[in-house]
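Counting starts at 1 for both ligands and their atoms, following the listed order.
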Amino acid sequence: MATGDRPGVSGELTGVGIVSGTSPTIAIGRAHLLAPSELEARHYAIERKDVLHEVARLNNAFSLVRAEIDELARHVAADAPGEVRAFLDLHRMILDDPLLCDEPRDLVRSRLINAEWALTIQLEAVCKQFEAIDDEYFRSRSQDVRQVVERVMKALLSGSNTTVALPPKPADGERLVLIARDLSPTDMLHLKERAEVDVAGFVTELGGRTSHTAIMARSLGLPAVLGVASAREAVAEGDLVVLDAEAGRVRIQPETADLAQYRQRLRAQVESRIALRKLKSRLPRTKDGIAIDLMANIELPEDARDALDAGADGIGLFRTEFLFMNRDQLPDEDEQYEAYAKVARAMKGKPVVIRTLDIGADKVLSEKARRSLGIAAGAPTVESNPALGLRAIRYCLAYPELFLTQLRAILRASSVGTVRILVPMLAHVHEVEQTLSFVARAREQLKERKAKYDARVPVGGMIEVPAAALSLPAFVRRLKFLSIGTNDLIQYTLAIDRADASVAHLYDHLHPAVLQLIARTIRVGGRARMPVAVCGEMAGELDLTELLLGMGLRQFSMHPAQVLSVKERLFTLSTKAAAKFAARVLRADDPLQIRKLIEKSAARPAL
Ligand code: PEP
Ligand code: MG
């Protein structure tokens with residue numbers, strides 16, 4: 001049976017789930033639909049005698065919205081995330097831009113049209129300019145312009161306050177899930193800051209992973225599902241909805257049994273997160289007092305917040321390729337510098353390991369971007385064996401300007417934090433040597449320009465190709481640290497394309513060959529007193545913490561959401577017992593026996 005007041009009207013919607021740090025990924029509450037766009041205002045011609053009146057209405061509306069944003073800015077909590085202030089500043093800037101506040105006045109005068117019409121014309125003109133920009137980030141900023149204009153339009157229509165109306169409190173004490181076409185950062189902040197409104201999460205029809213709405217959701221710690229087409233048609237005011245941000249799913253009026261399960265999952269998440277959060281400020285150590293570094297893997301500069309929120313000891317892997325994908329023009333040195341420096345600054349001296357571009361295989365550049373590198377139009381985007389093709393360091397060495405630009409940007413970021421360079425997919429020693437000479441060249445270029453950088457930025461290598469794991473000493477001699485990319489090490493050891501679902505069942509991280517290569521890398525690195533980390537998914541799997549610790553691993557890098565759970569597990573483990581356990585696993589050559597040993601270790605109760 002469906003729950004709530006609309007029996008039978010149940011369903012499921014999907015979108016892009018936004019999970020923030022250690023906050024719960026599930027939200028349950030009554031839907032509150034926010035008013036649709038107010039941009040469809042009446043358009044009409046005016047007489048010359050009415051010009052002054054219309055211009056005054058415009059002035060009044062702009063002043064009202066300015067005052068509201070300033071008021072919100074005054075009330076932003078002192079410890080609010082930096083993004084919150086940044087959004088208010090951005091919206092204030094848009095509001096003050098002459099293109100938006102002066103041009104509509106001129107349109108009223110010259111075309112004799114009402115204020116709403118003039119504002120709509122100008123909005124479309126400005127948005128067109130944004131949308132023509134060859135850069136996804138700037139293109140998506142047209143959304144901010146629309147949000148600001150929508151506010152001005154509301155002020156024009158009502159002649160007063162434009163902040164979203166406070167929703168009524170559900171009678172049954174449930175929290176609220178906001179459903180909107182789009183939710184501007186200012187509206188979100190307004191609702192979040194009001195104690196009487198208990199927002200559990202939100203769903204929007206617009207927005208994606210990098211939209212401002214997503215960034216705000218993360219910094220406010222609210223689960224969200226964005227880009228849900230027709231959400232406001234499918235959900236009715238007051239419906240009970242379950243938002244599963246991990247799965248990017250919205251359940252409307254779920255069956256009673258399903259709802260009970262979701263409530264149970266949410267309770268468990270809240271309880272475990274409360275317990276885990278208490279560990280945030282405790283240093284990660286084993287039961288026998290050995291210090292461990294727990295680092296975070298990130299993909300976008302904004303993710304650094306999640307890393308800090310989880311109390312990570314640094315960024316162990318910044319996958320920079322996401323700055324290069326889904327766009328037609330590659331990021332130049334300054335844009336890259338800003339992104340890397342943002343993370344370096346945010347981490348306040350904690351190490352930030354920036355991986356050089358790992359493009360190729362399943363991560364491809366757009367056709368236009370490839371052409372800008374000199375790749376002929378029509379050249380195949382996907383080679384016959386992409387995972388074995390021109391990927392990662394091979395790609396960078398093939399396009400020296402692309403590589404040098406990135407190296408200069410990374411080196412410059414070292415002037416504002418603790419930065420390390422990590423090179424992916426090394427198989428040959430000559431690739432290390434070529435990389436080091438590129439780094440030296442990038443340094444020279446910066447020196448000539450008198451640009452600031454730290455001359456001692458260490459260069460490390462990813463061990464993710466068996467050839468490198470089996471010929472380590474030559475790599476160890478030339479590099480300053482190693483990071484084991486288990487995701488690819490499994491792929492290349494077992495000859496399983498990690499993106500091919502038809503062979504996914506053969507992708508086995510417990511295959512004895514994989515375990516031997518990991519153990520060997522940790523051992524050889526350790527003997528040379530070289531820091532060795534694991535940054536593949538295995539580092540965040542609780543079942544494997546004891547095994548990796550027992551192999552001698554002292555640096556784990558994982559998704560921010562896993563950091564506190566792994567820390568909790570480490571407190572229960574002793575390095576001596578773990579070493580014995582790892583030795584037993586490594587002696588076993590039967591995958592079934594290995595699996596049983598791991599299951600036994602995972603089931604051991606916390607001490
Ligand atoms: C890996 O291969 O384990 C790794 C961390 O890199 P990616 O998953 O980005 O290939
Ligand atoms: Mg990899």
Search all heavy atoms of I522 against all heavy atoms of M551 and return the closest pair with its distance.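 Closest approach of I522 to M551: CG2-O, 3.2 Å.
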
Quick one: list whatever passes side chain to side chain donor-acceptor pair (under 3.5 Å) with R391, sequence neighbours left out.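 Result, side chain to side chain donor-acceptor pair (under 3.5 Å) vs R391: D358, D488, Y492.
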
Counting the benzene-type ring for Trp, do F403 and Y399 have ring centres under 6.0 Å apart?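 When the ring centroids of F403 and Y399 are compared, they turn out to be at least 6.0 Å apart.
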
When you measure from the side chain of Q269 to the backbone N and O of T25, does any donor-acceptor pair fall under 3.5 Å?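 Flag set: sc Q269 to bb T25 pair under 3.5 Å.
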
What is the name of the N/O/S atom of D488 that is nearest to the Mg ion (ligand 2)?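 Looking at D488, the N, O or S atom with the least distance to the Mg ion (ligand 2) is OD2.
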
Of all N, O or S atoms in E464, which has the smallest distance to the Mg ion (ligand 2)?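 Closest N, O or S atom of E464 to the Mg ion (ligand 2): OE1.
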
Which residue pairs pass the side-chain hydrogen bond (donor to acceptor under 3.5 Å, both in side chains) test with at least one member in residues 471-482, sequence neighbours excluded?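 Counting only pairs at least two positions apart or across chains, the side-chain hydrogen bond (donor to acceptor under 3.5 Å, both in side chains) contacts touching residues 471-482 are E433-R478.
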
Tell me, which pairs form a side-chain hydrogen bond (donor to acceptor under 3.5 Å, both in side chains) where one or both residues lie in residues 406-429, sequence neighbours left out?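 Listed by first then second residue: T320-Q406, E333-R408, E333-R412, D334-R412, Y340-Q406, R408-Q445.
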
Quick one, list the residues around ligand 1 where some non-hydrogen atom comes in under 4.0 Å, by chain and residue number.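 Protein residues near ligand 1 are L317, R319, R355, D358, K363, R391, M462, E464, G485, T486, N487, D488, R498, C535, G536.
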
Any salt bridge between D508 and R595, counting N to O under 4.0 Å?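 Salt bridge: yes.
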
With a cut-off of 2.8 Å, does D358 put an N/O/S atom close enough to the Mg ion (ligand 2)?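 So D358 does not count as coordinating the Mg ion (ligand 2).
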
